[in-house]
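Numbering starts at 1 and runs along the sequence shown.
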Amino acid sequence: MASRAGPRATGSDGSDYQHRERVANHYQMSVSLKNEIKKLIYAHILIWVLLAAQTTVANLKLVSHDLVAMPYQWEYPYLLSIVPSLFGLFSFPRNNISYLVISMISTGLFSIAPLIYGSMEMFPMAQQLYRHGKAYRFIFGFSAVSVMYLVIVVSVQVHAWQIYYSKKLLDSWFTSTQEKKKK
């Protein structure tokens, strides 16, 4: 055996590492994909909290409508998008395939669909802002259409990457399950 301070063990040139066991590739992939998905879920939670705060402040009239505009219709169903993220988080501890599949499907339904609807709902106002320079809703002095389109672009990317990584994780889990069944 080698020690930090002493000489290398006799009869060993350091090339005897190939016989050692290694962690299977699908386990390494599972860990890295879980970490990536968690980061995306936390980014989604941050976006969700900001939209929930805007919706709450506007509906309870805590500040003037000149400061925080009333929410668009797509923001209300988007608030349900926290549910798929929670299913995704709950699927990780025991590699629960069912929860991950529910998370992937409901992300499309509760996250992507309201974002698509929102981009269509706000398009006439964005067109008016672009052509005439007129905006009627504001969020902290910025055009609400511009701010919400920025939120939509970031959210679509977060959800698309979340679905992509979830699919790769699902494939990794299926590989692991199939290898266990063969034994």
Between Tyr149 and Ser119 the two heavy atoms that sit nearest each other are OH-O, 2.6 Å
Interatomic distance, CG@Leu60 vs OG1@Thr55, rounded to 0.5 Å, equals 10.5 Å
To the nearest 0.5 Å, atom CD1 of Ile82 lies from atom OG of Ser111 at 9.0 Å
Of all heavy-atom pairs linking Gln162 and Ser85, the shortest is NE2-OG, 4.1 Å
Closest heavy-atom pair, Met104 versus Ser166, reported as atoms and distance to 0.1 Å, is CG-CB, 3.5 Å
(Q) For residues Leu80 and Ile47: do they belong to one hydrophobic cluster (side chain heavy atoms under 4.5 Å, members Ile, Leu, Val, Met, Phe, Trp, Tyr)? (A) no
Check whether any side-chain heavy atom of Phe138 lies under 4.5 Å from a side-chain heavy atom of Leu67, and answer yes or no.
no
CZ of Phe87 to CZ of Phe90, rounded to nearest 0.5 Å, is 8.0 Å
So CD1 of Ile102 and CG of Leu100: to nearest 0.5 Å the spacing works out to 10.0 Å
Heavy-atom nearest pair, Leu33 first then Tyr165, reads CD2-CD2, 3.6 Å
So CG of Leu170 and NZ of Lys167: to nearest 0.5 Å the spacing works out to 6.0 Å
message: For residues Val154 and Leu115: do they belong to one hydrophobic cluster (side chain heavy atoms under 4.5 Å, members Ile, Leu, Val, Met, Phe, Trp, Tyr)?
response: yes
Scanning both residues in full, the closest heavy-atom pair of Phe92 with Trp173 reads CD2-CH2, 4.3 Å
**Message:** Do Trp74 and Met122 have side chains that approach each other closer than 4.5 Å (heavy atoms only, starting at C-beta)?
**Reply:** yes
Is there side-chain contact between Ser143 and Met125, with heavy atoms separated by less than 4.5 Å? no
**Prompt:** Would you call Met148 and Gln54 a side-chain contact if the rule is heavy atoms closer than 4.5 Å?
**Reply:** yes
Rounding to 0.5 Å, atoms CE (Met29) and CG (Asp171) come to a distance of 9.0 Å
Check your understanding: Under 4.5 Å between any side-chain heavy atoms of Leu129 and Ser146, yes or no?
Key -> yes
*asked:* Are the side chains of Val147 and Phe140 in contact, using a 4.5 Å heavy-atom criterion?
replied: no
Nearest heavy-atom approach of Ala69 to Ala144 is CB-CB, 4.3 Å
_Looking at Thr107 and Ser103, would you say the former's side chain and the latter's main chain have a donor-acceptor pair under 3.5 Å?_
yes
Legend entry - Phe142 vs Leu150 side-chain heavy atoms within contact, under 4.5 Å: no
(message) Please check: side-chain N/O of Glu121 versus main-chain N/O of Tyr72, any donor-acceptor pairing under 3.5 Å?
(response) no
Taking C-beta and beyond as the side chain, do Val153 and Gln157 meet within less than 4.5 Å on heavy atoms?
yes
